[in-house]
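One structure is given here, and the rest of the page talks about it.
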Amino acid sequence: MLDPQLLEILVCPKCKGELEYRPQENELVCLHCRLRYEVRDDIPIMLVDEAKPL
Amino acid sequence: MDNRAIREIYEGLASAYDWAEGIPEALVIRRLRRRVFAAARGRILEVAAGTGRNFEILPADASVVAVDLTEAMLRRARPKARRRGLQVSFAVMEAEALGFRDGTFDTVISSLSTCTFVDPVAALREMARVCRPGGRILLLEHGRSNRRWLGRLQDRFAETHYRAVACRWNREPDALVRAAGLELVAHTRHLLGVFHVMEARPAAA
């Protein structure tokens, strides 16, 4: 489970826009950049070159 | 080297990092860490937190977010936060592209990092962006000595050192802080002019 306080301050590292947290997939989604950032073991991997396409 | 190459180097270094850094740490760096980071307050962001060597200095009641380029380094940091009883959240990020809202943090700290950032000016600008107006950016950095003989020696071996640990030891950290448009409010040099203790503020908008 991603820390809610952390979730509140996170934005997309690329466009600095809002992220959508999908707990079932355990990922953070940027709808604008169409990227999915994985959360591994409670650590969000906010790297554009590691993100998967939406 | 790009961020991917640096990440590969630090994935390899993670398990031995604390051991290899033990001697310089005990001799000088710990004292300087205390000097600069004891002033950290409130909601704190540590950029390039590595294995969490600064956690023991941060106030126990602080709320800390620690980011690093390398997941393996943060995995070493997590148990240190737990032992200290410090509230830390972790995220993997490039310093040049932080994923936080503008003005989120009261204090942004980073140590021994501008030498390794692919684009240190961009990284410092990002630190200023996520720091609230009037907040503080506290830095402990190392760079090219202002003693002529040592600076020349660093220049001569700069490429060898860079290829080994992705660290450019002949950069000028205070010049980088100014180039990024931060307001440098306090600056002292230590140990043959190699180490820099700096307090900066995000420039007024």
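A, B, ... follow the sequence lines: proteins, then strands. Residue 1 opens every chain.
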For a 4.5 angstrom cut-off between non-hydrogen side-chain atoms, does A:K16 reach B:R129? yes
So, A:E50 and B:R7, do they make that salt bridge, N to O below 4.0 Å? yes
Rounded to the nearest 0.5 Å, what's the gap from CG on B:D68 to CD1 on A:I43? Could you check? 10.0 Å
Any donor-acceptor N/O pair, B:R101 side chain to A:E8 backbone, under 3.5 Å: yes
Here the pair of heavy atoms bringing B:A97 nearest to A:P13 is O-CB, 3.2 Å
Bottom line for A:E38: the part with an atom under 4.5 Å from chain B's heavy atoms is neither
Taking every non-hydrogen pair under 4.5 Å, which of A:D42, A:L19, A:L2, A:L6 racks up the most with chain B? A:L6
Within a reach of under 6.0 Å around CD of A:Q5, are more than 12 heavy atoms found that belong to other residues, nucleotides or ligands? no
Between A:V48, A:L10, A:V39, which shows the greatest number of heavy-atom pairs under 4.5 Å with chain B? A:L10
So, do B:R75 and A:D41 sit near enough that their side-chain heavy atoms are less than 4.5 Å apart? yes
Take A:Y37 and B:V92, measure what side chain to side chain contact (heavy atoms under 4.5 Å, CB included) needs, and give me the verdict at the end. CA-CA 10 Å; A:Y37 299 97; B:V92 174; over 6 Å; no
For A:D49, is it the side chain, the backbone, both or neither that has a heavy atom under 4.5 Å from a heavy atom of chain B? both
Can you tell me if CZ on B:R35 sees more than 12 non-hydrogen neighbours from other groups inside 6.0 Å? no
Rounded distance (nearest 0.5 Å) linking atom OG of B:S89 with atom CD1 of A:I9: 7.0 Å
For B:R156, I'd like to know if atom CZ has over 12 heavy atoms of other residues, nucleotides or ligands within 6.0 Å. no
Which atoms of B:E126 approach chain A - backbone, side chain, both or neither, heavy atom under 4.5 Å: side chain
I'd like to check A:L47 versus B:L69 (side-chain heavy atoms, cut-off strictly below 4.5 Å). Are they in contact? yes
Hey, what do you get for CD1 (A:I45) to CZ (B:F90), rounding to the nearest 0.5 Å? 12.5 Å
Under 4.5 Å from a heavy atom of chain A, the part of B:E94 involved: both
